[in-house]
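Read the structure below first, then the notes.
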There are 2 protein chains.
Amino acid sequence: MSKEHGDLKSGHDDKADVIQSVAMALQILETLADKDADIGVTALATALGTTKSRIHRHLRTLVSLGYISQSEETERYRIGARLIALGKAASGSADLSSVALPHMRALRDATGHAVSLGRVEQDGIRILNTLAGNMQIEVGVRPGSLLGFTNSAQGKVALAAMSDKDRAALIPSKLPAATQFTITNRDEFWAHINTVRDQRWATAPNEAMLGLNALSCPIFDADRTAVATIAIVSLTQYIETPPDPMQIRAVSEAAERISTQLGCPNYVWES
Amino acid sequence: MSKEHGDLKSGHDDKADVIQSVAMALQILETLADKDADIGVTALATALGTTKSRIHRHLRTLVSLGYISQSEETERYRIGARLIALGKAASGSADLSSVALPHMRALRDATGHAVSLGRVEQDGIRILNTLAGNMQIEVGVRPGSLLGFTNSAQGKVALAAMSDKDRAALIPSKLPAATQFTITNRDEFWAHINTVRDQRWATAPNEAMLGLNALSCPIFDADRTAVATIAIVSLTQYIETPPDPMQIRAVSEAAERISTQLGCPNYVWES
DNA sequence: TGATTTTGTCTCGCTATGCGATACGATGTT
DNA sequence: AACATCGTATCGCATAGCGAGACAAAATCA
């Protein structure tokens with residue numbers, strides 16, 4: 001498929017060949033969506049730089065379809081119930097597991113290591129899905145299991161990616177030690193979280209289990225809150241300290257792609 | 001404005017005179033939004049009963065505008081980030097207070113009594129806005145104040161409209177008595193809540209303050225959860241037991257209209 | 001109150017625009 | 001290797017959507 005269509009002569013931006021009616025309708029919806037107050041035909045026309053006739057025709061169809069509604073007293077227009085429902089449906093359809101799966105596969109193929117996807121819950125990272133690595137020995141966590149916030153790469157990166165008060169609400173009073181490499185000193189742990197936030201990834205060599213390591217990045221949703229994590233999991237000898245920059249980039253890009261598909265406007269951490 | 005345009009001869013449904021391109025584009029978005037899996041051009045064309053060309057052209061523009069995105073491996077289409085963002089913006093713009101205000105006014109004018117709007121919070125109903133009634137004596141609650149779940153019409157109707165486990169999480173261990181008419185017996189209170197759920201409205205004569213009564217209905221949002229309440233507040237002699245059916249209908253209709261504008265698909269209680 | 005502006009709505013001819021039919025290359029299936 | 005099916009591109013044509021303008025009802029002003 002995918003014919004090249006190298007149209008060199010007419011250096012057209014890809015803003016061409018879009019159906020103008022559709023573009024206009026969506027522009028109207030966008031404009032209406034981020035105004036809090038109702039807005040009239042004339043104001044809309046001047047705001048979008050087109051004629052009143054056009055706007056009015058579009059408003060009529062959008063009202064007729066239920067996506068916007070018109071106030072009865074003042075005759076201005078506002079967002080309608082159906083657009084809200086559409087938005088809800090859209091968010092709901094962006095299911096984390098299904099969206100992430102192809103990117104998990106790509107990450108596994110790029111690194112050769114096991115990949116795990118986790119959701120941020122009240123008391124840890126719940127593993128939703130894992131992909132086995134390309135090696136003989138089977139490592140990795142079981143789907144359904146819960147990783148601690150303090151002794152896993154996924155947990156630490158989730159903590160580091162959220163706001164200070166959210167973090168304070170989640171961090172346990174005691175730092176449980178799974179191995180002798182787990183950080184249990186409170187101050188030391190906070191400093192470590194700050195480092196994680198700066199470097200935008202986390203590892204946890206030998207922290208959960210001796211000989212194992214993971215490299216994790218956070219996944220943000222449309223509200224730009226860290227709702228999930230993705231990680232590669234392997235032996236400590238394959239994920240070194242610090243990890244191969246190629247590995248970091250691979251995990252980070254997977255996280256970014258998934259975040260974008262979830263509606264995250266841009267993959268940057270909150271400050 | 002509002003020209004009558006009584007077009008009697010051509011008994012046309014209002015499905016005419018909509019811009020077909022826009023209708024098609026929105027149909028595509030709707031279809032894509034409630035499918036969880038990606039979907040291809042051909043499937044979409046047969047599902048919507050039109051040609052592949054048309055669908056493909058629309059998909060191209062929607063992709064170009066960012067509302068949907070195309071998988072790179074399989075060349076199928078899915079919901080895009082921008083649609084999710086639009087939905088979020090739409091929900092956010094449906095602000096409860098501003099949406100409710102005109103309906104509150106209509107309710108006040110229809111009944112002559114004070115009207116109050118409350119939001120369901122963790123430990124009670126927070127009064128967001130009130131409109132004074134058309135009577136000499138000033139009754140009603142102050143905006144900002146918090147009504148109890150057990151001794152106000154608004155609180156009881158909110159409890160009755162939510163699911164059993166949500167209700168169990170909210171109901172206080174002790175039933176505080178504001179007056180001697182407040183229900184303090186636990187079994188009796190639960191039975192009363194069931195009655196409220198069946199009749200779909202609640203009153204609280206003399207329960208919060210002697211001589212005062214309120215008639216309240218719940219307001220649902222796009223998720224069909226009870227997020228707010230609306231009520232008329234007056235003297236017990238004007239809101240009788242049981243209340244005038246006209247009053248019940250007026251409050252209920254206001255609640256329904258507000259719910260609809262918030263994106264609630266249909267004003268029915270959860271079972 | 002009456003004059004004036006501004007609003008939302010409607011009409012009408014024109015042509016740009018989105019349409020259907022068809023074809024093509026690529027992929028996967030038997 | 002033949003086949004079915006996929007997404008994509010092309011191309012006239014007629015229709016659908018467009019702009020300009022007119023109109024009445026409100027809102028605003030005098």
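Just so it is clear: chains get the letters A, B, ... in the order the sequence lines come, proteins before strands, and each one is counted from 1. Computed from heavy atoms alone, side chains included, the values below leave out hydrogens, waters and symmetry copies.
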Rounded to the nearest 0.5 Å, what's the gap from [atom1] on [X] to [atom2] on [Y]? Could you check?
{"X": "B:Asp221", "Y": "B:Leu262", "atom1": "CG", "atom2": "CG", "value": "7.0 Å"}
{"X": "B:Leu62", "Y": "B:Leu83", "atom1": "CG", "atom2": "CG", "value": "9.0 Å"}
{"X": "B:Thr61", "Y": "B:Ile28", "atom1": "OG1", "atom2": "CD1", "value": "7.5 Å"}
{"X": "A:Leu59", "Y": "A:Arg57", "atom1": "CG", "atom2": "CZ", "value": "11.0 Å"}
{"X": "A:Gln20", "Y": "A:Arg54", "atom1": "CD", "atom2": "CZ", "value": "7.0 Å"}
{"X": "A:Cys217", "Y": "A:Glu253", "atom1": "SG", "atom2": "CD", "value": "10.0 Å"}

Strand contacts (DNA chain C) in residues 25-33 of chain B, 4.0 angstrom heavy-atom criterion: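 Going residue by residue through residues 25-33 of chain B, none turns out to have a heavy atom under 4.0 Å of DNA chain C.
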Find the distance [X]:[atom1] to [N]:[atom2] and express it as a whole number of Å.
{"X": "A:Ile39", "N": "C:dT7", "atom1": "CD1", "atom2": "P", "value": "12 Å"}
{"X": "B:Arg60", "N": "D:dT10", "atom1": "CZ", "atom2": "P", "value": "10 Å"}
{"X": "B:Leu44", "N": "D:dT5", "atom1": "CG", "atom2": "C1'", "value": "16 Å"}
{"X": "A:Leu48", "N": "D:dG19", "atom1": "CG", "atom2": "P", "value": "12 Å"}
{"X": "B:His56", "N": "D:dT5", "atom1": "NE2", "atom2": "C1'", "value": "15 Å"}
{"X": "B:Leu59", "N": "D:dT8", "atom1": "CG", "atom2": "P", "value": "8 Å"}

Any side-chain heavy-atom pair from B:Ile55 and B:Met24 closer than 4.5 angstrom?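 Of all side-chain heavy-atom pairs linking B:Met24 with B:Ile55, at least one is under 4.5 Å.
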Crowded around A:Tyr238 OH? As in, over 12 foreign heavy atoms under 6.0 Å?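 Incorrect, the count does not exceed 12.
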B:Asp38: which residues meet the salt bridge (Lys or Arg N to Asp or Glu O under 4.0 Å) condition with it, sequence neighbours left out?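 If we apply the salt bridge (Lys or Arg N to Asp or Glu O under 4.0 Å) test to B:Asp38, skipping adjacent residues, the hits are B:Arg78.
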Those residues at least two apart in sequence (or on a different chain) that pass salt bridge (Lys or Arg N to Asp or Glu O under 4.0 Å) with A:Arg119 are A:Glu121
Could you write nucleotides 17-23 of chain C as a row of B, S and -, 5' to 3', where a protein heavy atom under 4.0 Å of any base atom gives B, of only sugar-phosphate atoms gives S, and otherwise -? -SBBBB-
Kindly say if A:Tyr77 contacts the phosphate of C:dT9, meaning a side-chain N or O under 4.0 Å from OP1 or OP2. yes
B:Gln70 side-chain N/O to D:dC6 phosphate OP1/OP2 under 4.0 Å: no
Report all side-chain donor-acceptor pairs from residues 101-108 of chain A shorter than 3.5 Å, counting only partners two or more places apart or in another chain.
| from | atom 1 | to | atom 2 | distance (Å) |
| --- | --- | --- | --- | --- |
| A:His103 | NE2 | A:Gln261 | NE2 | 3.0 |
| A:Arg108 | NH1 | A:Ala132 | O | 3.0 |

Using a 3.5 Å limit for the pairing distances, which stems of at least 3 consecutive Watson-Crick or G-U wobble pairs does DNA chain D take part in?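 Output for stems: C:4-30 with D:1-27.
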